Amino acid sequence: LAESCSQFDRHDEAIEILQANLATYRCVYGADDDEALRAAETLAFWLVARRGDANAGIDLLKPVIEIETRRYGERNARSL
């Protein structure tokens with residue numbers, strides 16, 4: 001749905017959908033869940049690519065990196 005909105009230059013609406021998706025995953029499954037982590041990565045990408053908001057993207061990815069580093073170790077490709 002977010003991709004469809006974006007194709008019609010409705011980027012803000014697409015980002016709202018992705019934010020709601022992330023909030024739902026975190027609420028239902030917890031912030032450490034793989035789907036919640038992927039949703040955060042997707043939203044971060046969109047914030048940077050569609051809005052140019054690198055700081056918001058970095059803020060979203062910091063906890064993802066911390067969780068993946070804790071899970072896989074500092075030298076794992078998922079943590080780098």
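In this chain, numbering begins with 1 at the start of the sequence shown. None of the values given here were measured: they were computed from a predicted structure.
At a threshold of 4.0 Å, the pair Arg38-Glu41 counts as salt-bridged, since one of the basic side-chain nitrogens sits closer than that to a carboxylate oxygen. A salt bridge between Arg10 and Glu3 is absent, with no side-chain N of the basic residue lying under 4.0 Å from a carboxylate O of the acidic one. The existence of a salt bridge linking Arg51 and Asp12 is confirmed by a sub-4.0 Å separation between a basic side-chain nitrogen and an acidic carboxylate oxygen.
Note that CD of Glu66 and OG1 of Thr69 are 8.0 Å apart. Values are rounded to the nearest 0.5 Å. Rounded to the nearest 0.5 angstrom, Asp33 CG and Arg26 CZ are separated by 11.0 Å. Rounding to the nearest 0.5 angstrom, the gap separating the CG atom in Leu60 from the CD1 atom in Ile65 is 11.0 Å. Remark: Arg50 CZ to Asp9 CG distance equals 9.5 Å, nearest 0.5 Å. Leu1 contributes atom CG, which lies 10.0 Å from atom CG of Asn21 (distance to the nearest 0.5 angstrom).
The cluster map of Ile, Leu, Val, Met, Phe, Trp and Tyr, joined by side-chain heavy atoms under 4.5 Å apart, puts Leu43 and Leu37 in different clusters. Note on Tyr72 and Ile67: separate hydrophobic clusters, where clusters join Ile, Leu, Val, Met, Phe, Trp and Tyr whose side-chain heavy atoms are under 4.5 Å apart, directly or indirectly. Ile58 and Val48 fall into different hydrophobic clusters, where Ile, Leu, Val, Met, Phe, Trp and Tyr side chains are chained together by heavy-atom contacts under 4.5 Å.
Leu47 places none of its side-chain heavy atoms less than 4.5 Å from the side chain of Leu18.
Annotation for Leu61 and Ala44: closest pair CG-CB, 3.7 Å, computed over non-hydrogen atoms. For the residue pair Cys5 and Ile17, the shortest heavy atom distance occurs at SG-CD1, 3.9 Å.
No more than 12 heavy atoms of other residues, nucleotides or ligands sit less than 6.0 Å from atom OH of Tyr29.
Under the 3.5 Å distance criterion, the side-chain polar atoms of Ser6 are left unmatched by any main-chain donor or acceptor of Ala2.
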